[in-house]
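Accompanying notes for the structure given below.
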Amino acid sequence: MVSTQGFGRALDRLRPVVGAVTRAHIALYRRTGGRLGHTAPGLPTMLLLDHVGARSGRPRTTPLLYFTHPDDPDDLVVVASYGGHPRHPAWFHNLRAHPDTTVQVRDEVRPVHARVATDEERARLWPAAIATYRPFAGYQRRAEEVGRTIPFVVLTRRRR
C-alpha cells in the first residue's frame, strides 16, 4: 500500500496532466452552460467554483463535486478532500481568504458566501457526502494517516 506521503508526491507529479484535463473540463462546462461537464459517467454532479488566490490575488476556477445541504437545499456543500492528500487543496485556502465568490451550477452563476462547516455540522453532512461519492471515505482514512481532517465547505447563496 502506498503511504499518504507517497500518494501526495504522486499526485503532485501528476499536476500538469490534471491541470490540462481540468482546463478542458472548465471550458466545456462554460461553453455548454453545464450541459456537458455538470455530470459525467460514474460521478456525481459538479459545479464550477470561482475563487481568488489567497496570495496571488489571481482569479481561479475549480470544478468540484457537490451536494445540497440536507438542512437547507439552497445551500451547496463541497468537500476539500484533495483525494486524501496530506494538505488541503489550494481552493480551500483561497476561500478562507476570500469567502465571497460565485459558483456555476449548470447554466446558473450564483453569488455565494463560503464557510467551513463546524465539526458538528460536518458529522451530520458526512452521510450525505458518502452517499454522493463513496471514495470520500477512503480519502478521509488516507488523510487521517497524517492527522488531517477533510473539511466541508458550505456555499450559501448571497442576495445581490
Side-chain angles (χ1 to χ4, degrees), residues 4-40 43-69 72-119 121-122 125 129 132-133 135-136 139-140 142-144 146-160:
T4 300
Q5 295 291 346
F7 171 79
R9 285 190 296 276
L11 191 60
D12 290 343
R13 284 193 303 276
L14 289 172
R15 187 168 295 156
V17 173
V18 171
V21 171
T22 298
R23 286 187 297 279
H25 183 192
I26 293 165
L28 190 64
Y29 198 116
R30 294 247 197 248
R31 284 191 190 119
T32 67
R35 285 187 312 280
L36 299 175
H38 181 253
T39 59
L43 291 176
T45 54
M46 299 186 83
L47 57 73
L48 296 181
L49 171 72
D50 296 317
H51 48 104
V52 175
R55 290 187 303 232
S56 71
R58 293 173 47 191
R60 312 239 183 242
T61 300
T62 304
L64 296 170
L65 304 178
Y66 76 96
F67 59 95
T68 57
H69 197 297
D72 185 347
D74 205 35
D75 287 352
L76 307 174
V77 181
V78 291
V79 181
S81 67
Y82 202 11
H85 194 284
R87 295 184 313 269
H88 295 318
W91 64 259
F92 176 77
H93 298 291
N94 294 346
L95 285 181
R96 293 194 67 181
H98 305 283
D100 292 324
T101 190
T102 59
V103 295
Q104 181 175 338
V105 179
R106 291 189 178 96
D107 63 348
E108 177 195 6
V109 176
R110 68 168 79 167
V112 295
H113 177 79
R115 66 174 178 78
V116 178
T118 64
D119 291 342
E121 186 178 23
R122 183 186 180 282
L125 292 170
T132 299
Y133 190 60
F136 282 145
Y139 297 167
Q140 182 56 58
R142 185 180 293 139
E144 285 171 350
V146 293
R148 180 168 90 90
T149 298
I150 293 175
F152 288 29
V153 177
V154 178
L155 304 169
T156 302
R157 186 188 301 263
R158 287 185 293 131
R159 305 295 174 213
R160 291 186 190 238

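These figures come from a predicted structure and were not determined experimentally.
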Yes or no on side-chain contact (heavy atoms from CB on, under 4.5 Å) for V154 and E121, after CA distance, side-chain angles and deciding distance? CA-CA 10 Å; V154 178; E121 186 178 23; 3.8 Å; yes
Let's go through R159 and D74 carefully: what are the C-alpha distance in whole Å and the side-chain angles of both, what is the deciding distance for salt bridge (charged side-chain N to carboxylate O under 4.0 Å, His left out) to 0.1 Å, and is it a yes or a no? CA-CA 12 Å; R159 305 295 174 213; D74 205 35; 3.7 Å; yes
Where do L47 and L155 land on the side-chain contact (heavy atoms from CB on, under 4.5 Å) test, with the steps shown first? CA-CA 11 Å; L47 57 73; L155 304 169; 4.3 Å; yes
Test side-chain contact (heavy atoms from CB on, under 4.5 Å) on V79 and I150 and set out the steps. CA-CA 7 Å; V79 181; I150 293 175; 3.5 Å; yes
Give the C-alpha distance, both sets of side-chain angles, the deciding distance and a yes or no for side-chain contact (heavy atoms from CB on, under 4.5 Å) between V52 and R58. CA-CA 5 Å; V52 175; R58 293 173 47 191; over 6 Å; no
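Ring geometry for Y29 versus H38: interplanar angle over 60°, hence perpendicular rather than tilted (30 to 60°). A perpendicular orientation is assigned to the rings of F136 and Y133, their planes being inclined by more than 60° (bins at 30° and 60°).
Checked by atom type and distance alone, the side chain of R23 pairs as donor or acceptor with a backbone atom of G19 at under 3.5 Å. Side chain of E144 to main chain of V146: no donor-acceptor pair is present (N/O by atom type, distance under 3.5 Å, no hydrogens or angles). No donor-acceptor pair closer than 3.5 Å links the side chain of R122 to the backbone N or O of V116. A donor-acceptor pair under 3.5 Å is absent between the side-chain atoms of R96 and the main chain of H93, judged by distance alone. A donor-acceptor distance shorter than 3.5 angstrom exists from the side chain of R158 to the backbone of V112, with no hydrogens or angles considered. In terms of modelled atom types and a separation under 3.5 Å, the side chain of R142 and the main chain of G83 share a donor-acceptor contact. Side chain of N94 to main chain of A54: a donor-acceptor pair is present (N/O by atom type, distance under 3.5 Å, no hydrogens or angles). One N or O on the side chain of Q140 and one on the backbone of R148 form a donor-acceptor pair closer than 3.5 Å. At distances below 3.5 Å, not a single donor-acceptor pair connects side-chain atoms of S81 with backbone N or O atoms of G84.
At a threshold of 4.5 Å between non-hydrogen side-chain atoms, the residues T22 and P63 count as touching. Between L95 and T101, some side-chain heavy-atom pair lies under the 4.5 Å cut-off. Put simply, the side chain of T62 reaches to within 4.5 Å of the side chain of H51, judged on heavy atoms.
Between E108 and R106 there is no salt bridge, since none of the side-chain N atoms of the basic residue sits less than 4.0 Å from a carboxylate O of the acidic one. Contact check on R60 versus D50 returns no salt bridge, with no Lys/Arg side-chain nitrogen under 4.0 Å from an Asp/Glu carboxylate oxygen.
In this structure, R31 places its CZ atom where only 12 or fewer heavy-atom neighbours from other residues, nucleotides or ligands lie under 6.0 Å away.
Screening L76, V77, T45 for a side-chain contact (heavy atoms from CB on, under 4.5 Å) with F67, the sole residue that qualifies is V77.
The two atoms that bring T132 and Y66 nearest to each other are CG2-O, 3.9 Å, heavy atoms only. Of all non-hydrogen atoms in L125 and A117, the two that sit nearest each other are CD1-CB, 4.2 Å. Among all heavy-atom pairs drawn from L49 and V103, the shortest one is CD1-CG1, 3.7 Å.
Separating the OG1 atom in T149 from the CG atom in D119 is a distance of 7.5 Å, to the nearest 0.5 Å. Note that OG1 of T61 and CD1 of I26 are 5.0 Å apart. Values are rounded to the nearest 0.5 Å.
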